[in-house]
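The next block holds one structure in the form of structure tokens; read it before the comments.
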Amino acid sequence: MKNLEIAKILDNIADILELQGIEFKPRAYRNAARGVENLAEDIKELYEKGKLEEIPGVGKHIAEKISEYIKTGRLKYYNQLKKKIKVNLEELNLIPGMGPKKIKFLYEKLKIKNIKDLEKAIKKKKLQKLKGFGESTEQDFLRGIQFVKSRPKRFLYAHLEPIVKEITKQFSKYPFVKKIEIAGSFRRGKETIGDLDFLVVSNEPGKVMKLFTALPDIKRVLAKGTTKSSVRLTNGLQIDLRVVKEKEWGSALLYFIGNKQHNIAVRKLALSKGYKLSEYGLFKGKKWVAGRNEQDIFKKLKLQYIEPELRQNSGEIEAALQNKIPPLVTVQNINGVFHNHTKWSDGSNTLLEMAQAAEAMKLKFISFNDHFGDITIANPLDEKRLVSYLKEIEKVRKKVKIRVFSGVEIDILKNGSLGLSVKKLKQLDVVVAAVHMATKMSEKEMTERVCRAMENYPINILGHPTNRLINTRPPYQINLEKVFQVAKKNNVFLEINAAPETQDLSGEHVRAALKVGCKFSLGTDAHDTQNLQFYNLGVNMARRGWATKKDILNCWSLPRIEKALKK
DNA sequence: GCCGTTTTCGGCCCGACTGTTTTCAGTCG
């Protein structure tokens, strides 16, 4: 898919136009970039159908440019723009506090083209002599350069969850903190988080600011205002906190949860209905009409309530206008978890310990799927050990009150076959099949490999369908559209793998698969008892993909699950 | 360059914070 590639080019064009001081056009290109980015389908298909102008933000001229790029692999307009500018925009833009105006000014005055030039100029104290710049600007940029060079990757949701809970708990203790909630991408349940955004209601914002800027592990206070401050922790994490009045809570939450594109779209909708929306409330002229809670604002705008996970301006507003937002699956809907490992392969707890942990978590079932096959690094089961494994599971069943499913996570081999016969696979409750090795195939080969397995073996669940590892390993090349269709046809549940660094399928993929009519299974892929708790991450992905409890196997009743697993 | 329940022309989300100023431009979210 060229979607992201094209979105990036449109963004770059916007950057260059902005640098040239052109107004509004950059915004048009950015809107188009967001439209392309949010597409659920391959842009090439739209191009072939002549439907590029149906993309939000794409009109006649941008459609022509996209066509040219798809057709020829090049874009004249973009190349000409790039020739005109001499600076490394992308690089300089990364520095906090550096924007198009300053980049242009610094190039005109000091011929600064990139970070290296900037560093040199600062060392020679050249910047502070310029109008509008000073010594502290120099220091800010220097720190910014350091930050860019040692830039932390985006944080995993699971790694920030304890910090979010701790800060919320600590702040709630103080009587001057009436309310505190997390907003931003964390609240939207994204798999990775850039920074944390907290929202607080208090009559004494000064005290809150003081408390906030005195958090432990702060490396630097980035901004300290009367109602809004930012800090950076020693681990590189930025945290923003804003204090609002009780009356503004709803409008502020809406604003702070975002995302930005969603906010802009809602504000535009408000405008079209004669209102003005900001973090301070919904206004008719100068009159405040709503803002105490989010529901009031949605009601005034004649919108169905939109769950935070859906807020990214990818159709949720249109759906809410027609009351078509489905009831999203919740953590409480999850009755049990699939795809768990034990000491029998590469896990670190016994079958019994894992089952007891699941029972203690009030789950109604657990499914054991230790590795089977050639993945030697994971100490896989073979046919002989599988017999003992199943006997052991039988013993565990007598010691816990929850349903214990037997099964394996079996490798999908290079040619699309599995290392166990159809007959033996049918004796297992739950067969998870997944690709683990020989992952560097072409898209066509990989797609055929996975589809062939689903067509020829009694597979219940296709494990981690793209095999990505966030921040570490890209997904393998595979035509998911095709995989979804074959999965649907063969009644294979698609896994939403909930392991913190996996979270595969992603929300976007879940949504695409739902459109095909697929069903899902939430797998914890736990390798110890601690990891069992992370099924909420899978729920995040499911919710971001618009899934309801009807779409997720884990939410069904046990008799219905057993029936669905029959091969 | 895009878009339309007042518009095919004339708008384009909105406000806080910072640094360098003395009233504001630039950046950020």
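Lettering of chains follows the sequences in order, A, B, ..., and the numbering in each one begins at 1. If you're wondering where the values come from, they're calculated on a predicted model, not measured in any experiment.
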Kindly state each residue pair satisfying side chain to side chain donor-acceptor pair (under 3.5 Å) with at least one member in residues 44-57 of chain A, sequence neighbours excluded.
-> none
Rounded to the nearest 0.5 Å, how far apart are CG of N12(A) and CG of L81(A)?
-> 10.5 Å
Sequence-aligned protein contact record of nucleotides 3-10 of chain B, with B where the base is within under 4.0 Å of a protein heavy atom and S where only the sugar-phosphate is | S--S----
So which nucleotide from dA16(B), dC14(B), dG19(B) ends up closest to the side chain of T227(A)?
-> dA16(B)
On a whole-Å scale, what distance lies between the C1' atoms belonging to dT8(B) and dC2(B)?
-> 12 Å
For dT6(B) versus dG11(B), give the span between their C1' atoms, rounded off to a whole number of Å.
-> 13 Å
Output for pair (I145(A) CD1, M98(A) CE), nearest 0.5 Å, gives 7.5 Å
Length of the CG-C1' vector between L254(A) and dG15(B), whole Å | 15 Å
How far, in whole Å, is dT18(B) from dC12(B) if one measures between their C1' atoms?
-> 26 Å
Protein-nucleotide distance (I22(A), atom CD1; dG1(B), atom C1'), rounded to Å = 11 Å
Nucleic acid contacts - residues 283-291 of chain A versus DNA chain B, non-hydrogen atoms under 4.0 Å | none
Check whether any side-chain N or O of N333(A) sits under 3.5 Å from a backbone N or O of T330(A) as a donor-acceptor pair, and report yes or no.
-> yes
Find the distance between CG (L469(A)) and NE2 (H464(A)) and round it off to the nearest 0.5 Å.
-> 9.0 Å
Gap between atoms NZ and P, on K268(A) and dC14(B) respectively (whole Å) = 10 Å
Are Y280(A) and dA16(B) close enough that a side-chain N or O sits under 4.0 Å from OP1 or OP2?
-> yes
N/O donor to acceptor pairs below 3.5 angstrom from side-chain atoms of residues 254-261 of chain A, sequence neighbours left out:
| residue | atom | partner | partner atom | Å |
| --- | --- | --- | --- | --- |
| N259(A) | OD1 | Q261(A) | N | 3.0 |
| N259(A) | OD1 | H262(A) | N | 2.9 |

Rounded interatomic separation in angstrom, taking CD from Q139(A) and P from dG19(B) | 12 Å
Could you grab the distance from atom CD of E309(A) to atom CZ of R187(A), nearest 0.5 Å is fine?
-> 8.0 Å
From L241(A) atom CG to L199(A) atom CG, the distance as rounded to the nearest 0.5 Å = 8.0 Å
Atom CD1 in I496(A), atom CD1 in I552(A): separation rounded to 0.5 Å?
-> 4.0 Å
Side-chain contact test, heavy atoms from C-beta onward, threshold under 4.5 Å: evaluate it for M541(A) versus D504(A) and give yes or no.
-> no
Starting from C1' on dA25(B), measure out to CD on E23(A) and report it in whole angstrom.
-> 13 Å
Which donor-acceptor pairs under 3.5 Å do the side chains of residues 170-180 of chain A make with protein atoms, sequence neighbours left out?
| residue | atom | partner | partner atom | Å |
| --- | --- | --- | --- | --- |
| Q170(A) | OE1 | K173(A) | NZ | 3.4 |
| Q170(A) | NE2 | E166(A) | OE2 | 2.7 |
| S172(A) | OG | T168(A) | O | 2.5 |
| K179(A) | NZ | E246(A) | OE2 | 2.7 |

Which nucleotide sits closest to the side chain of K276(A): dC17(B), dC2(B), dG15(B)?
-> dG15(B)
F105(A) CZ to dT20(B) C1', straight-line distance once rounded to whole Å | 12 Å
With sugar-phosphate meaning primed atoms plus P, OP1 and OP2, does K104(A) contact a base, only sugar-phosphate, or nothing at under 4.0 Å between heavy atoms?
-> nothing
Just grab all the side chain to side chain donor-acceptor pair (under 3.5 Å) pairs involving residues 112-126 of chain A, residues at least two apart or on different chains.
-> E119(A)-K149(A)
Which residues pass the salt bridge (Lys or Arg N to Asp or Glu O under 4.0 Å) test with R188(A), sequence neighbours left out?
-> none
With sequence neighbours excluded, what pairs up with K228(A) under the salt bridge (Lys or Arg N to Asp or Glu O under 4.0 Å) test?
-> none
Would you mind pulling out the nucleotide paired to dA25(B), Watson-Crick or G-U wobble, both distances under 3.5 Å?
-> dT18(B)
Of the candidate nucleotides dC14(B), dT20(B), dC2(B), which contains the atom at the shortest distance from the side chain of T137(A)?
-> dT20(B)
Go through the structure and list residues passing salt bridge (Lys or Arg N to Asp or Glu O under 4.0 Å) with R34(A), not counting sequence neighbours.
-> D11(A), E37(A)
Strictly below 4.0 Å, heavy-atom distances to any atom of DNA chain B: list the hits from residues 296-319 of chain A, or just say none.
-> none
Pairwise P distance for dT20(B) and dC28(B), with rounding to whole Å | 15 Å
For I193(A) and K190(A), the nearest pair of non-hydrogen atoms, with its separation, is CD1-O, 3.7 Å
May I ask you to say what S230(A) touches in the nucleic acid, namely base, sugar-phosphate or nothing, with a heavy-atom cut-off under 4.0 Å?
-> nothing
Separation of the P atoms in dA16(B) and dT21(B), to the nearest angstrom = 24 Å
Which atoms of nucleotides 26-29 of chain B (N or O only) lie under 3.5 Å from a protein N or O atom, and what are those distances?
| residue | atom | partner | partner atom | Å |
| --- | --- | --- | --- | --- |
| dT27(B) | OP1 | G99(A) | N | 2.8 |
| dT27(B) | OP1 | G99(A) | O | 3.0 |
| dT27(B) | OP1 | K102(A) | N | 3.0 |
| dT27(B) | OP2 | K101(A) | N | 3.4 |
| dC28(B) | OP1 | G97(A) | N | 2.6 |
| dG29(B) | N7 | K260(A) | NZ | 3.4 |
| dG29(B) | N2 | Y255(A) | OH | 3.1 |
| dG29(B) | N3 | Y255(A) | OH | 3.3 |

Out of dG1(B), dG19(B), dA16(B), which has the shortest distance to the side chain of F24(A)?
-> dG1(B)
Does any residue of residues 120-136 of chain A have a heavy atom under 4.0 Å from DNA chain B, and if so, which ones, in number order?
-> G132(A), F133(A), G134(A), E135(A), S136(A)
From CD of Q261(A) across to P of dC14(B) the rounded distance in Å is 15 Å
Rounded to whole angstrom, note down the C1' distance from dG29(B) over to dT23(B).
-> 24 Å
Quick one: label N263(A) by what it contacts on the DNA or RNA (base, sugar-phosphate, nothing), any heavy atom closer than 4.0 Å.
-> nothing
Quick one: label K25(A) by what it contacts on the DNA or RNA (base, sugar-phosphate, nothing), any heavy atom closer than 4.0 Å.
-> base
Measure from the side-chain N and O atoms of N79(A) to the backbone N and O of K76(A), and report whether any donor-acceptor pair falls under 3.5 Å.
-> no
Short side-chain donor-acceptor distance under 3.5 Å, N536(A) and E161(A) | yes
